[in-house]
Amino acid sequence: MYIHQLSEKHSVLHHFLSEIRDQSIQKDRMRFRRNIERIGEILTYEMSMSFSFSDKETITPLGKKGCVEISNKIVVCSILRAGLPLHQGIINYLDGADCSFISAYRCHTSETDFEIHVEYLASQDLDNKTLILADPMLATGQSILATFDALTKVGLPKEVHILSVIGARPGIAFLQKKLPKETHLWIGDIDAKLNEKGYIIPGLGDAGDLAFGEKLQK
Ligand SMILES: O=P(O)(O)OC[C@H]1O[C@H](OP(=O)(O)OP(=O)(O)O)[C@H](O)[C@@H]1O
Ligand SMILES: O=c1cc[nH]c(=O)[nH]1
Ligand SMILES: [Mg+2]
């Protein structure tokens with residue numbers, strides 16, 4: 001897996017990362033969602049430099065200009081529910097992309113153990129497409145793997161890009177073992193560890209709850 005950690009360079013991204021982690025600022029739910037969306041825009045801009053482009057001619061009011069346009073056929077698939085604001089950030093920049101949605105949630109068998117349940121999938125044909133799989137939190141990596149497995153039953157994408165805001169080192173190492181080598185991971189920041197409940201430390205807490213409100217545990 002090719003890992004592109006955007007926090008390696010200092011940029012405005014650090015401002016947004018700091019705000020989503022800050023326990024007082026993140027209480028503003030609207031700001032939290034908007035910051036995740038803004039990070040989605042930044043990740044998409046960086047990822048777009050790896051896309052294919054074809055030439056086109058654009059007519060301006062005063063002449064002609066040789067321009068380029070993205071030639072990848074893109075499907076953005078986001079994992080419900082925390083993926084929704086990230087999804088919005090991605091499609092803010094990829095105007096014509098198809099959008100798929102998949103649900104994945106942690107179903108707890110005990111205080112510390114859980115399984116990932118995938119129950120809902122609405123997807124386009126993925127054959128030969130550029131698949132962007134979006135989830136703001138990459139903790140154990142199990143949600144991404146379960147959704148990747150469900151999606152690759154629908155078709156065989158030409159390339160796969162995973163977009164995430166904060167990841168944990170053990171979850172990334174897990175995906176490195178399980179996903180095809182040519183998969184790209186575009187990630188805002190990487191934290192060192194997980195706690196016994198599978199939360200990223202220091203992370204930011206529960207992204208789905210912060211964006212949309214605390215859900216009842218199953
Ligand atoms: O890498 P993992 O260990 O699989 O954890 C990451 C997943 O956990 C969260 O989802 P959650 O189950 O909390 O659902 P939610 O989006 O509805 O809050 C998060 O949004 C990821 O999908
Ligand atoms: O730290 C974590 C782990 C999973 N899901 C979250 O929202 N946060
Ligand atoms: Mg959650």
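Whatever order the structure lists ligands and atoms in, that order sets their numbers, starting from 1.
- Closest non-hydrogen pair, A134 versus L86, comes out as CB-CD2, 3.9 Å.
- Heavy atoms from other residues, nucleotides or ligands lying under 6.0 Å from NZ of K215 number more than 12.
- A heavy-atom distance below 4.5 Å is found between the side chains of M1 and I172.
- The N/O atoms of I79, backbone and side chain alike, include none that comes under 3.5 Å of an N/O atom in ligand 1.
- A donor atom on one side chain and an acceptor atom on the other are found under 3.5 Å apart for S100 and S123.
- For D206, the N, O or S atom with the smallest separation from the Mg ion (ligand 3) is OD1.
- In the displayed structure, F53 atom CZ is contacted under 6.0 Å by more than 12 heavy atoms of other residues, nucleotides or ligands.
- With hydrogens left out, the protein atom closest to atom 19 (C) of ligand 1 is D135 OD1, 3.7 Å, a heavy atom.
- For atom 17 (O) of ligand 1, the closest non-hydrogen atom of the protein is R81 NE, 2.8 Å.
- For the pair I166 and I200, the tightest heavy-atom approach, listed with the atom from each and the gap, is O-CD1, 3.6 Å.
- Residue D206 touches ligand 1 through its side chain alone, judged by heavy-atom distances below 4.0 Å.
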Passes salt bridge (charged side-chain N to carboxylate O under 4.0 Å, His left out), R34 versus E37? Steps please. CA-CA 5 Å; R34 181 68 187 112; E37 186 181 328; 3.2 Å; yes
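- Protein heavy atom closest to atom 14 (O) of ligand 1, with residue, atom name and distance, is K215 NZ, 3.2 Å.
- At a cut-off of 2.8 Å, D209 does not coordinate the Mg ion (ligand 3) through any N, O or S atom.
- Residues P180 and V160 form no side-chain contact, since every pair of their non-hydrogen atoms from C-beta on lies 4.5 Å or further apart.
- When only non-hydrogen protein atoms are considered, atom 4 (C) of ligand 2 lies nearest to R106 NH2, 3.6 Å.
- Of all the listed residues (L175, V165, T140), T140 holds the heavy atom that lies closest to atom 3 (O) of ligand 1.
- Within a 6.0 Å sphere centred on CE of M49, heavy atoms belonging to other residues, nucleotides or ligands number more than 12.
- Residues H4 and S50 have side chains not in contact (no heavy-atom distance under 4.5 Å, counting atoms from C-beta outward).
- The G198 neighbourhood of ligand 2 comprises atoms 3 (C), with distances under 4.0 Å to a heavy atom of that residue.
- Both I36 and L6 belong to a single network of hydrophobic side chains, linked directly or stepwise wherever heavy atoms of I, L, V, M, F, W or Y lie under 4.5 Å apart.
- Between D209 and ligand 1, a contact under 3.5 Å exists for no N or O pair.
- Nearest non-hydrogen protein atom to atom 1 (O) of ligand 2 is I200 N, 2.8 Å.
- Residue G208 has at least one heavy-atom neighbour below 4.0 Å for each of these atoms of ligand 1: 18 (O).
- Of all protein heavy atoms, the one closest to atom 16 (O) of ligand 1 is A82 N, 3.0 Å.
- Classified by interplanar angle (parallel below 30°, tilted 30° to 60°, perpendicular above 60°), the ring pair H14/H10 is perpendicular.
- The nearest protein heavy atom to atom 10 (O) of ligand 1 is not closer than 4.0 Å.
- Contacts between A207 and ligand 2 below 4.0 angstrom, taking non-hydrogen atoms only, involve backbone and side chain alike.
- The protein atom (non-hydrogen) at minimum distance from atom 4 (O) of ligand 1 is S143 OG, 2.6 Å.
- The heavy atom nearest to atom 6 (C) of ligand 1, out of those in H117, M137, E214, is found in M137.
- The shortest contact between atom 2 (C) of ligand 2 and any protein heavy atom is with Y199 CD2, 3.3 Å.
- Here the heavy atom of the protein found nearest to atom 12 (O) of ligand 1 is R106 N, 3.1 Å.
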For the pair N35 and E19, evaluate side chain to side chain donor-acceptor pair (under 3.5 Å) and give the outcome as yes or no after the intermediate values. CA-CA 8 Å; N35 278 331; E19 285 204 358; 2.9 Å; yes
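- The atoms of ligand 2 that sit less than 4.0 Å from any heavy atom of D206 are 6 (C), 7 (O).
- Checking only distances, P136 never comes within under 3.5 Å of ligand 1, N or O to N or O.
- In E214, the CD atom is not crowded: 12 or fewer heavy atoms of neighbouring residues, nucleotides or ligands sit closer than 6.0 Å.
- A heavy-atom separation below 4.0 Å is found between G141 and ligand 1.
- The N/O atoms of G205, backbone and side chain alike, include one that comes under 3.5 Å of an N/O atom in ligand 2.
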